[in-house]
There are 2 protein chains.
Amino acid sequence: MAPVRNARVLFNQAPKGYPVPGETTVYDESQTIDLNTVPLNGGVLFKTLLLSIDPFLRRLMPDGDRDWLQFVVGQPLFGLGIAVVVRSENDDARPGDHFTGMTLHQEYFVSPSVKDMQLLVKEPGLSWAKYLGSAGMVGKTAYKGWREFSKAKKAKTVFVTSGAGAVGSLVIQLAKRDGTKVIASAGSDAKVEYMKSLGADVAFNYKTESTKAILEREGPIDIFWDHVGGETLDIALNAANKFARFIICGSISTYNGENPGVKNTHLLTSKSITMSGFSVLDWDKYDDEFYATFPKLLASGELVSREQVTPGLDQVGQVILDVQKGNTTGKAVILVAEE
Amino acid sequence: MAPVRNARVLFNQAPKGYPVPGETTVYDESQTIDLNTVPLNGGVLFKTLLLSIDPFLRRLMPDGDRDWLQFVVGQPLFGLGIAVVVRSENDDARPGDHFTGMTLHQEYFVSPSVKDMQLLVKEPGLSWAKYLGSAGMVGKTAYKGWREFSKAKKAKTVFVTSGAGAVGSLVIQLAKRDGTKVIASAGSDAKVEYMKSLGADVAFNYKTESTKAILEREGPIDIFWDHVGGETLDIALNAANKFARFIICGSISTYNGENPGVKNTHLLTSKSITMSGFSVLDWDKYDDEFYATFPKLLASGELVSREQVTPGLDQVGQVILDVQKGNTTGKAVILVAEE
């Protein structure tokens, strides 16, 4: 069989603020691959099906302190994805198997092993896209963070930012299942309606209403689940009850430009607040519990989630920007190829 | 018996930055009290013996957000202290009993009850001043914070700021008893020597050495016990290991002027860091454990602590400033009166 196209999305240059599609990242169709003859050297040839476009991808674009792994100029982006095995010289991967894990933003790639990837077995009624979202890392983030840090039995009021986002929308539902009053914010009226449909007691558009005023009226808050950071975190510290638990799941307001800094950290002391962050990639605690319960709740519809599936590897740069700007609803996924 | 002087330290005006003795607070001898006839209305007449001068007193001087109780202009300061019962109409307090708790900065005062105060029974070999320090709130702060949040068994390296301070010096010793490597900072060479004498493996003067460079060389850190906040907290976040525990015991760099804000809160997420503050005043957990063990360790000399006892109620304003500027070593106490 003749070689086929092996398109890629390359990292091109570090953005100053928001990433710019076509500058920060470029779509490249110059390479081909011969699927029958490409040497595997004991590894696995994968066909990329789906890519997860997460807020943290922005943090892999080097422009300052290198606290995580980073993209390399001229090389493909990488991130979470789902790929299917085309050929294999590894006993743990058979053609047709689906795996999730770190995936190149490239149509086909050879992996030396599958030890850092996870074999997926689909629950009836769940799409593969959900395995990049609520049944995957997104769901684990919400489930594990809530399970470990919320102490929800002692909570009356919860505040969730990015409440229409992939993680936030699940947190709203977990918080309601635990009987708390939920305040949730997002950046559009459509998102406000979505958060209300998920059960949020107070849902508001932070672009048109004052977060400070809402929390003063509806708080104090016992749990803060945050994706925003910066000024919002300061406002939440002011509105926190004694012994509040803050779960820091992201700081998107600080990724794309000026970072005002969090000024109210002294309130951690005076209010006995604990602020916990966690990187779900480093956290396998509760994995078994998660897989035993969460996909079933999603398949039965007891928990709902949205995915925004955009076809085309060439759309990666745009969707990365949309995620940073808050212009997506639910988990953003790129459909690279059908099976 | 004739009325006697009842001197007080009054709150006079909010400081802009550091408090100014004689302006922020004024010493006042204009009042007298008749110890035999002052009406108690079922309460207790106390003679103030000792006052604890703590960093947090600065935060009771209103100049912005009112997150704690605050001093009132024209009224006496208050803070932790030890007082002895002169007369009592309350069955829980007999003349000669010593109590600790919130105490007016005033030679004599009538308290309606003793329910928020604690009766003290002195361990042989411990001074009353220690009961405002290592055998009191200071010791409880170190003991409880370390006990609850350090997870010391999993720690290799600990960083302590204000390591020559009342709490910090105890934390160094607790960390060494748990077998960790201890890095400790303070603001003078004499304090550096003191921290070394307590067992700190790396002790440095942050005014003459770079905290960033020291932590890059001696880190990464698993536990950060902080009294400083601001830029130091950002440096520590950069130098933290994954799963580090930050115990936020104070933020003195932010109390007296410009607060740069903490910019690295996104590292809480990427490094799975938990940052816990606690106000020991709201925290009675571990009280029994503390009293059963800590005073004995102090009396036997297995744990050491320093108190800096300054005689004279008229010195309160100066010692408050000295504490804010870091010019004291160990627990700062005002001796108001001998028994």
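All values derive from a computational prediction rather than experimental measurement. Residue numbers start from 1 in every chain, and the chains themselves are labelled A, B, ... in the order their sequence lines are given, proteins ahead of strands. What you see below is based on every heavy atom in this structure, not just the backbone, and it leaves out hydrogens, waters and symmetry mates.
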**OP:** With sequence neighbours excluded, tell me which residues meet side chain to side chain donor-acceptor pair (under 3.5 Å) with R217(A).
**Re:** none
Original post:
Relative to chain A, which of I273(B), V262(B), V280(B) shows the most heavy atom pairs under 4.5 Å?
Top reply: V262(B)
Subject >> Heavy-atom contacts under 4.5 Å, residues 243-251 of chain A to chain B >> reply: F243(A), I248(A), C249(A), G250(A), S251(A)
Original post:
Does a donor on one side chain and an acceptor on the other come within less than 3.5 Å for T328(A) and D322(A)?
Top reply: no
Subject >> Residues K331(A) and D54(A) bridged, charged N to O under 4.0 Å >> reply: yes
Original post:
How would you list, by chain and number, every residue that makes a side chain to side chain donor-acceptor pair (under 3.5 Å) with E148(B), sequence neighbours excluded?
Top reply: K285(B), Y286(B)
Original post:
In chain order, what residues pass the ring pair (Phe, Tyr, Trp, His ring centres under 6.0 Å) check against F78(B), with sequence neighbours excluded?
Top reply: F71(B)
**OP:** Among the options G229(A), S276(A), S272(A), G261(A), pick out the one with the most heavy-atom pairs lying under 4.5 Å from chain B.
**Re:** S272(A)
Original post:
Taking the six-membered ring of Y18(B), is the NZ or CZ of K325(B) close enough (under 6.0 Å from the centre) and on axis enough (within 45°)?
Top reply: yes
Original post:
Is D282(B) salt-bridged to K271(A), cutoff N-O under 4.0 Å?
Top reply: no
